[in-house]
Amino acid sequence: QVRLVESGGGVIQPGRSLRLSCVASGFSFGTSVMHWVRQAPGKGLEWVAATSYDETTKHYVDSVKGRFTISRDNSKNTLFLQMNSLRAADTAVYFCTRFGPKFDDLGHNYFFDQWGQGTLVVVSS
Amino acid sequence: EIVMTQSPATLSVSPGARATLSCRASHYVSRNLAWYQQRPGQAPRLLIYGATTRATGVPDRFSASGSGTDFALTISSLQSEDSAIYYCQQYHDWPPLTFGGGTKVDIK
């Protein structure tokens with residue numbers, strides 16, 4: 001059974017740093033493309049960052065480039081999001097998610113088949 | 001960036017009725033589209049991928065159609081547990097992966 005458990009959220013002042021973690025179990029974490037998706041209070045879903053299985057390729061939404069860093073430790077089945085220079089606009093629930101092993105008819109699997117429950121980050125003075 | 005637009009923002013329907021939700025992409029996305037259901041206080045759940053394929057365990061009252069730029073999710077015979085926000089997501093051209101703003105389905 002696939003499980004993704006996020007932690008590390010909390011209340012943090014603007015300009016400070018926070019590191020989120022996501023521990024994965026029940027699947028081959030070390031071969032999976034992993035992501036962070038966030039949801040501001042009462043708002044929709046926003047993809048934040050992605051990392052390939054070996055960290056050779058990483059992508060970020062423009063609003064976090066240069067401030068957030070996604071990383072992983074495959075030996076510990078753990079995904080991280082280092083968040084620096086936090087802003088009020090970064091306040092959100094952060095979900096850990098993955099591209100799963102199923103492919104569509106076009107041979108693509110760039111959709112999120114499993115999600116964690118999320119960890120809340122509140123940036124406020 | 002491909003912008004996804006969902007309509008309506010809110011849909012209020014009676015139990016047992018049918019609901020049709022729309023999703024439009026600002027650019028061609030072929031059939032590289034997924035739908036998610038998010039119940040209050042929960043994480044999103046994958047419903048549909050490849051524009052029309054139901055994910056594992058999704059009831060067959062959920063169906064989807066479309067390709068190119070216009071897509072629809074239909075929930076036939078609505079049940080109380082279908083009360084949720086539904087999001088579409090394109091994966092044709094990324095980064096970034098982009099979601100629609102969501103449609104809230106209320107069961108009257």
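Each chain gets a letter, A, B and so on, in the order the sequences are listed, and its residues count up from 1.
The most heavy-atom pairs under 4.5 Å with chain A, out of B:Pro95, B:Gly100, B:Gly102, come from B:Pro95.
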### Query
Taking it one step at a time, do A:Asp105 and B:Arg31 satisfy side-chain contact (heavy atoms from CB on, under 4.5 Å)?
CA-CA 9 Å; A:Asp105 291 346; B:Arg31 288 181 286 116; 3.9 Å; yes
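No part of A:Val93 comes within reach of chain B, as not one of its non-hydrogen atoms sits under 4.5 angstrom from that chain. If you measure heavy-atom distances from B:Ala34 to chain A, the contacts under 4.5 Å come from the side chain alone. For a residue to count as touching a neighbouring chain, one of its non-hydrogen atoms must lie under 4.5 Å from one of that chain's; by this rule A:Ala49 does not touch chain B. Neither the backbone nor the side chain of B:Thr98 comes within contact range of chain A; no heavy atom of the residue lies under 4.5 Å from a heavy atom of that chain. Interface remark: B:Gln90 contributes no atoms to any contact with chain A (heavy atom separation under 4.5 Å). Neither the backbone nor the side chain of A:Gln114 has a heavy atom closer than 4.5 Å to any heavy atom of chain B.
For the atom pair CD1 of B:Ile48 and CG of A:Asp104, the computed distance is 12.5 Å after rounding to the nearest 0.5 Å. B:Leu97 contributes atom CG, which lies 12.0 Å from atom CG of A:Leu45 (distance to the nearest 0.5 angstrom).
Cluster annotation: A:Phe95 is connected to B:Tyr87 through the hydrophobic network of ILVMFWY side chains, with a link wherever side-chain heavy atoms come within less than 4.5 Å. Neither B:Phe71 nor B:Trp94 shares a network with the other; the hydrophobic side chains, linked directly or stepwise wherever heavy atoms of I, L, V, M, F, W or Y lie under 4.5 Å apart, form separate groups for each. Linking Ile, Leu, Val, Met, Phe, Trp and Tyr whenever their side-chain heavy atoms come within less than 4.5 Å puts B:Leu11 and B:Tyr86 in one cluster. Placement of A:Val64 and A:Ile70 within a single hydrophobic cluster is found when ILVMFWY residues are connected by side-chain heavy-atom separations under 4.5 Å, directly or transitively.
In this structure, a donor-acceptor pair under 3.5 Å is absent between the side chains of B:Thr53 and A:Lys102.
Of all non-hydrogen atoms in A:Gln117 and B:Gln42, the two that sit nearest each other are OE1-CA, 4.3 Å. Heavy-atom minimum distance, A:Gly116 versus B:Ala43: O-CB, 3.1 Å. Nearest approach of B:Asn32 to A:Leu106, heavy atoms of both residues: OD1-CD1, 3.6 Å.
The neighbour count for B:Arg24 CZ, taken as heavy atoms of other residues, nucleotides or ligands under 6.0 Å away, does not exceed 12. At most 12 non-hydrogen atoms from other residues, nucleotides or ligands lie less than 6.0 angstrom from CZ of A:Arg16.
The aromatic rings of B:Phe99 and A:Trp115 sit tilted, their planes meeting at an angle between 30° and 60°.
Put simply, the side chain of B:Gln89 gets close to the backbone of A:Tyr110: a donor and an acceptor are under 3.5 Å apart.
The ring pair (Phe, Tyr, Trp, His ring centres under 6.0 Å) with B:Tyr91 is formed by just one residue from the set A:Phe112, A:Phe99, A:Phe103, A:Phe111; it is A:Phe111.
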